[in-house]
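Hydrogens, waters and symmetry mates play no part in the numbers below; they use all other heavy atoms, side chains included. Positions are given from 1, in the same order as the sequence printed here. Just so you know, ligand 1 is whichever comes first in the structure, and atom 1 is the first atom listed for that ligand. For clarity, every value in this text was computed on a predicted model and none was experimentally measured.
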Amino acid sequence: MHRIAVIDKDLCKPKNCSLECIAFCPLNRDGGRCITLSDEEDRSKAIAVIDEDICNGCGICVKKCPFEAITIINLAEELEERKVHQYGQNAFRLYNIPVPKDNAVVGLLGRNGIGKSTVLNIIAGLLKPNLGRYGNGEPSWDEVIEHFRGTAVKEHLKAIAEKRIRVAMKPQQVYLIAKVFNGTARELLARYDENGSAEHYAKRLALHESLERYVNELSGGELQRLAVAVAASKDVDLYLFDEPSSYNDVYQRLEVARVINEIAGKGKSVMIVEHDLTMLDYLSDYMHILYGEPGAYGIVSDAMSTNTAINEFLQGYISTINVRFRDRAFRFESATSGEDLIMEEVVAEYTRIEKKRQGFRLVADCARVRKGEVVGIVGANALGKTTLMMMIAGVDKPDDGEFRINARISYKPQYLEQDYEYDVRTLLSEAYGKGIEGSSAEPLIVEPLRLKKMYDKIVKNLSGGELQKVAIASCLLRDADIYAMDEPSAFLDVEDRIMIARFIQRFVKGQGRSAVIVDHDMHMVDMVADTLIVFTGIPGKEGYATGTLSKRDGMNLFLKGLDITFRRDEESKRPRINKMHSRLDRMQKENGIYYSI
Ligand code: SF4
């Protein structure tokens, strides 16, 4: 076996501990130098360094570190041969690399921190793979190409090295575009319009009314679609899309997916990273699973059919190589959820209400929330979903109609505030109203959401996924009867989305509380909601919300508006979008069954 030791630089704080790792490492105790402190000029910045060649993998340091900053893993020796990149000593490393395919969309499926963005950067030529030789001994391109001799990826890397391949990349963090481009959306599109299709894509992606606005005035969804349009308007060989669904509603996600499919249909190669499982399934022709330990190492599987890859990912087991990468499988019941566990007691209800503001009108039919119920809210952006949430939360009032709410409400907004200098422990304690450590809420909420390890992290340094989980925990820690959450799936990876959906269901039923959840990830809604409120209308002008419908009726109505049908995967029971005009799609539409349970 080969040993890998990874230190989380954010968590390792030698000045706040007694250097337990160094004191207890058996090799250090025998006089060796297996763990030392890094040689920083500023000693306060020093962190632990582990010599992987000496380390015997006993794991004592992992248990002794008070901040859980150390990960020690034994990996098969042969894997070393397949190392593609390592960021430094005791840092993340990637094994294997996928190959783009002509005329196809290749999807990458894996957890946050498992190396998907590293893969895209290497494939795009933005990061030269170092084969694990970081620092001064980095290999030349010739050595890299020689290393991959006899593999399919060699030709791609050779083309990258010789600049024979042109690549367009839609970055993950679209808000950074506003920091580097100081003009209007139209000007940005014009700058990169190499195939004369910018106008076409702007229209397809509903950007026509945003074109004269400055990029820094656009919403997250507009920026996302603008970035997709910019990438699609380039005339290149390979298109890479890093999380193109974020911030978009389901209508916009579907249109983005169709645009991406069209690009591949023109004979181009496309690679995509996406956490919305329904969209990734809809989009991809082939898929690679990335597995390993987030933040420590990632292994890219061979390409598989989309359905096999998703089902094996959910199983946590790759059959062709007999590798189990998760000790439990995710299985889904056909969408019955726990409707029978909802209690009769109504905790909130409203009559037919109306609210007008700045040229927008929202009308919502009467609805109610019962104890033990999770009400899902679905619909396009700008139809008044957040306005309704604010009224349920008591932050806003209707012009007409009445809310009868006999409940305390805890609200998690869509856009999360991150500008805090203090740590996660303090933020969670504030939400809880007293110290979180050692409290009864710790095993109930913090531990199941796997947040204990994050106590010492500073809030402003959290990743998007970490921040979202902390915000969900903060919402649930407040003493309330209804937990109202706007887009809890945003920035979470597939595994966390499933975990959070199940946790919310369990928490609400187990504690006799209620939840109202707005989300655009249909798999998440399918898992978490008992009943649905469906929004229709004209975005930005008028929104109409149904009363609370059964999940089957609500989904049917919503999918009908989208003109898509869902079937259930036979093995995992997850919802899958039927191919437009396929036999099943036509049959389900004829029978009015847009949502199959
Ligand atoms: Fe030392 Fe054991 Fe930690 Fe390796 S795993 S660094 S041998 S304590």
Side-chain angles (χ1 to χ4, degrees), residues 1-96 111-115 118 130-137 290-299 316 323-327 423-425 447 450-457 461 466:
M1 299 299 272
H2 176 75
R3 211 92 50 225
I4 69 171
V6 179
I7 310 279
D8 187 324
K9 293 184 173 61
D10 288 339
L11 294 179
C12 180
K13 287 189 250 28
K15 64 177 180 200
N16 293 347
C17 73
S18 311
L19 302 181
E20 287 89 343
C21 58
I22 292 177
F24 285 93
C25 171
L27 303 181
N28 279 43
R29 289 171 79 110
D30 283 348
R33 287 177 57 76
C34 183
I35 311 187
T36 52
L37 277 189
S38 61
D39 196 15
E40 308 290 336
E41 245 172 60
D42 179 353
R43 294 300 291 164
S44 69
K45 292 200 174 131
I47 58 164
V49 176
I50 297 179
D51 187 332
E52 293 177 8
D53 291 331
I54 304 176
C55 170
N56 66 17
C58 70
I60 290 174
C61 56
V62 177
K63 293 195 191 94
K64 291 290 176 188
C65 174
F67 307 119
E68 298 185 41
I70 303 174
T71 307
I72 304 277
I73 294 157
N74 292 312
L75 286 180
E77 193 67 57
E78 325 65 276
L79 209 53
E80 272 305 285
E81 282 292 295
R82 311 213 299 265
K83 191 189 280 178
V84 174
H85 194 77
Q86 182 171 342
Y87 284 100
Q89 189 171 15
N90 301 143
F92 180 84
R93 53 212 84 185
L94 176 77
Y95 301 91
N96 299 345
R111 304 215 57 188
N112 282 333
I114 207 81
T118 303
N130 64 14
L131 313 176
R133 286 154 49 191
Y134 49 85
N136 293 334
L290 276 82
Y291 61 99
E293 182 68 36
Y297 77 101
I299 303 174
V323 164
R324 174 155 293 288
F325 59 88
R326 196 188 318 109
D327 55 10
D423 59 22
V424 169
R425 180 188 291 101
E447 284 169 17
R450 302 177 204 145
L451 293 176
K452 240 178 133 172
K453 194 176 171 177
M454 273 188 239
Y455 274 169
D456 287 309
K457 287 200 173 184
N461 297 337
E466 290 172 332

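Listed by number with element, the atoms of ligand 1 under 4.0 angstrom from any heavy atom of Ile72 are 5 (S). Of all the atoms in ligand 1, the ones that sit under 4.0 Å from a non-hydrogen atom of Cys61 are 3 (Fe), 5 (S), 6 (S), 8 (S). For ligand 1, the atoms closer than 4.0 angstrom to any heavy atom of Gly59 are 2 (Fe), 5 (S). If you number the atoms of ligand 1 from 1 as listed, the ones under 4.0 Å from a heavy atom of Pro26 come out as 8 (S). Ligand 1 places these atoms under 4.0 Å from at least one heavy atom of Ile50: 6 (S). Heavy-atom contacts of Cys34 reach the following atoms of ligand 1: 1 (Fe), 6 (S) (cutoff under 4.0 Å). Every atom of ligand 1 is numbered from 1 in the order shown, and the set under 4.0 Å from a heavy atom of Ile35 is 6 (S).
Counted by atom type alone, Arg33 and Asn28 present zero donor-acceptor pairs between their side chains at under 3.5 Å.
Taking all atoms of both residues into account, the shortest heavy-atom contact from Ile7 to Cys12 is CG2-CB, 3.7 Å. Ile50 and Gln89 make their closest contact through O-NE2, 3.8 Å (heavy atoms, listed as atom of the first residue, atom of the second, distance). Nearest heavy atom pair, residue Thr71 against residue Ala296, reads CG2-CB, 4.3 Å.
Dense packing is recorded around CZ of Arg326, with more than 12 heavy atoms of other residues, nucleotides or ligands lying under 6.0 Å away. The 12-atom threshold is not exceeded at NZ of Lys64, counting heavy atoms of other residues, nucleotides or ligands nearer than 6.0 Å. For Glu77, the CD atom is densely surrounded, since the number of other residues' heavy atoms within 6.0 Å is greater than 12.
Classification of Lys452 and Glu447 as a salt-bridged pair holds, one side-chain N sitting under 4.0 Å from a carboxylate O.
The single protein non-hydrogen atom nearest to atom 2 (Fe) of ligand 1 is Cys58 SG, 2.3 Å, given as residue, atom name and distance. Scanning the protein heavy atoms around atom 7 (S) of ligand 1, the nearest turns out to be Asn56 OD1, 3.2 Å. At the shortest separation from atom 4 (Fe) of ligand 1 among protein heavy atoms lies Cys55 SG, 2.4 Å.
Atom 2 (Fe) of ligand 1 has no N, O or S atom of Cys25 under 2.8 Å away, backbone or side chain.
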